[in-house]
**Student:** 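I have a structure I would like to understand better, so I am pasting it below and will then ask my questions one at a time.
No experiment lies behind these values; they were computed from the predicted model shown. No hydrogens, no waters, no symmetry mates; every other heavy atom, side chains included, goes into these values. All ligand and atom numbering here is 1-based and tracks the order in the structure.
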Amino acid sequence: MTAFPTRRLRRLRGTLALRRLSAEHHLAPSQLVLPVFVKEGITESQPIASMPGVSQHPIETLADVVDEAARAGIGGIMLFGIPAVRDAVGSGATDPDGILNRAIAVAASAAAGRLTIQADLCLDEFTDHGHCGVLAADGSVDNDATLPRYAAMGLAQARAGADLLGLSGMMDGQVEAVRTALDAEGFAHVAILAYSAKYASAFYGPFRDAVESTLQGDRRSYQMDPANSREGIEEALLDVDEGADVVMVKPAMPYLDVLNRVADRSAVPVWAYQVSGEYAMIEHAAAAGLIDRDRAIGESLLGIRRAGADVILTYWAVEVAQWLRDGKELA
Ligand code: PBG
């Protein structure tokens, strides 16, 4: 007579050594990317109230931020610029002296090949109305009039020395427009990260503070409806057809199903962005004594990896990379 139960899955959970041996998913520092905010006209870092632990940086100290990130061994930094002046077409985005383009150049020289320099390619930080594209006469966001602005922005970022451009504006045809412009101007080597399945999300709230967004209203006419998943797969496949080197799902935690399905179907790497609201929720809950901060961070990142992300953009990138180097358990 066989003893019951015969199959005991607990056996591999008994000790830390067995759990480490049995872990199906891992995280490496190289799989983390740190978003970095660079603000024009400040001389000292300014903490962002909605995102405890995250700051806006002056361009003068950006090289130190890059150096710390490189020493932590992370895969890259994603730059966002906060300009002093904004206008209807987002002129600062395409000006070689604009804050983001200057930041790219400073970061690229500080990185010296130790990590990748990535830049947000979207007009929202540079327009006075806060939308991701230029507006038509009726006030709607004009898809096709925005494409040449993105192409010009992509060229300015490539000229400044970006390795990878993060197209986050959700205009139809944006990947092809930027790819064509880059190839025509000698930047065939610059990669495109398409924020393919980017949802119109409440979880971007703290980020809008971080970039001092002037947006009135919302982005529902161009970012995706949270009710849709099939459409997210289609967005990713379309971006691959248009020439995307990497596709992304954003936010991460509320959209793990979409991430998983895109990862199953994609021929190119799939990344996820753990956005500002996901960050703020864990930080605030931990500060209120409700959850174990470090374990919640580790668990959230493992969940995103498990769902299928090859690389994760996260505001904890440097801290977590240091944990991984110290051999700390993630969850
Ligand atoms: C657009 C952009 C946004 C974020 C990244 N790129 C804001 C938006 O679409 O409203 C949000 C990132 C975050 O919340 O951490 N430039």
Side-chain angles (χ1 to χ4, degrees), residues 32-39 48-56 76-83 86 90 92-94 98-100 103-104 118-134 141 146 149-150 153-154 157 162 164-171 174 178 192-226 235 246-255 271-284 297 300-301 304 312-317:
L32 299 170
V33 172
L34 178 72
V36 173
F37 301 105
V38 183
K39 182 174 173 177
I48 299 162
S50 58
M51 300 177 70
V54 181
S55 295
Q56 298 172 325
I77 61 166
M78 171 62 76
L79 290 165
F80 293 92
I82 302 134
R86 297 169 175 187
T94 46
I99 184 65
L100 181 54
I104 292 167
Q118 313 179 9
D120 187 54
L121 200 166
C122 186
L123 291 176
D124 64 325
E125 278 87 65
F126 298 93
T127 53
D128 49 14
H129 46 73
H131 275 295
C132 294
V134 296
V141 175
T146 300
R149 296 291 300 133
Y150 284 180
M153 187 174 186
Q157 296 182 337
L164 197 142
L165 313 183
L167 278 58
S168 68
M170 289 301 282
M171 297 298 127
Q174 63 183 10
V178 173
I192 290 180
L193 157 64
Y195 286 44
S196 301
K198 177 171 177 180
Y199 286 84
S201 175
F203 292 94
Y204 306 147
F207 175 95
R208 303 242 168 114
D209 267 3
V211 298
E212 301 168 20
S213 173
T214 54
L215 181 70
Q216 303 285 318
D218 60 60
R219 306 199 199 286
R220 289 192 177 101
S221 76
Y222 44 106
Q223 297 181 345
M224 283 185 57
D225 183 338
E235 282 282 6
V246 180
V247 294
M248 188 151 79
V249 175
K250 174 187 175 187
M253 266 169 72
Y255 300 95
W271 296 8
Y273 196 142
Q274 182 178 52
V275 301
S276 57
E278 299 177 71
Y279 174 90
M281 282 196 302
I282 291 179
E283 289 290 353
H284 286 288
I297 293 170
S300 70
L301 292 169
I304 296 166
I312 305 170
L313 275 77
T314 173
Y315 299 96
W316 290 302

**Student:** What part of Asp120, side chain from CB on, backbone N/CA/C/O, both or neither, has a heavy atom under 4.0 Å from ligand 1?
**Tutor:** side chain
**Student:** What are the two closest heavy atoms between Ser300 and Trp316, and how far apart are they?
**Tutor:** OG-CZ3, 4.4 Å
**Student:** Of all the atoms in ligand 1, which lie at a distance below 4.0 Å from a heavy atom belonging to Tyr273?
**Tutor:** 12 (C), 15 (O)
**Student:** Any atom of ligand 1 sitting under 4.0 Å from a heavy atom of Gln274?
**Tutor:** no
**Student:** Report the C-alpha distance between Gln174 and Leu121 in whole Å, list the side-chain angles of each, state the deciding distance to 0.1 Å, and finish with yes or no for side chain to side chain contact (heavy atoms under 4.5 Å, CB included).
**Tutor:** CA-CA 10 Å; Gln174 63 183 10; Leu121 200 166; over 6 Å; no
**Student:** Could you see which bit of Tyr279 sits under 4.0 Å from ligand 1, with heavy atoms only: side chain, backbone, both or neither?
**Tutor:** neither
**Student:** Taking the minimum heavy-atom distance to atom 9 (O) of ligand 1, which of His131, Lys198, Met51 ranks first?
**Tutor:** Lys198
**Student:** Hey, which atoms in ligand 1 end up nearer than 4.0 Å to a heavy atom of Glu125?
**Tutor:** 16 (N)
**Student:** Within ligand 1, which atoms have a heavy atom of Asp124 less than 4.0 Å away?
**Tutor:** 1 (C), 16 (N)
**Student:** Let me see the working for Met253 and Phe203 under side chain to side chain contact (heavy atoms under 4.5 Å, CB included), right down to the final yes or no.
**Tutor:** CA-CA 10 Å; Met253 266 169 72; Phe203 292 94; over 6 Å; no
**Student:** Determine whether the side chain, the backbone, both or neither of Val275 has a heavy atom under 4.0 Å from any heavy atom of ligand 1.
**Tutor:** both
**Student:** Identify, for atom 3 (C) of ligand 1, the protein heavy atom at the shortest distance, and state residue, atom and that distance.
**Tutor:** Phe207 CE2, 3.3 Å
**Student:** Considering only heavy atoms from C-beta outward, does the side chain of Leu123 approach that of Arg149 to under 4.5 Å?
**Tutor:** yes
**Student:** Counting only nitrogen or oxygen atoms and a 3.5 angstrom limit, does Ser276 reach ligand 1?
**Tutor:** yes
**Student:** So do the side chains of Phe80 and Asp124 get within less than 4.5 Å of each other, counting heavy atoms only?
**Tutor:** no
**Student:** Counting each atom of ligand 1 from 1 as listed, which ones have a heavy atom of Phe80 under 4.0 Å away?
**Tutor:** 5 (C), 6 (N)
**Student:** Tell me, which protein residue and heavy-atom name are nearest atom 8 (C) of ligand 1, and how many Å apart are they?
**Tutor:** Arg219 NE, 3.5 Å
**Student:** Heavy atoms, side chains only, cut-off 4.5 Å: are Phe126 and Met153 in contact?
**Tutor:** yes
**Student:** State, yes or no, whether a side-chain contact exists between Gln274 and Tyr279 at a heavy-atom distance under 4.5 Å.
**Tutor:** no
**Student:** Determine, for Tyr273 and Lys198, whether the Lys NZ or Arg CZ falls below 6.0 Å from the six-membered ring centre while staying within 45 degrees of the axis.
**Tutor:** no
**Student:** Pull out every atom of ligand 1 sitting under 4.0 Å from any heavy atom of Lys250, numbered as shown with elements.
**Tutor:** 2 (C), 3 (C), 4 (C), 5 (C), 6 (N), 11 (C), 12 (C)
**Student:** Is ligand 1 less than 4.0 angstrom away from at least one heavy atom of Arg208?
**Tutor:** yes
**Student:** For ligand 1, which atoms sit closer than 4.0 Å to a heavy atom of Tyr204?
**Tutor:** 8 (C), 9 (O), 10 (O), 11 (C), 14 (O)
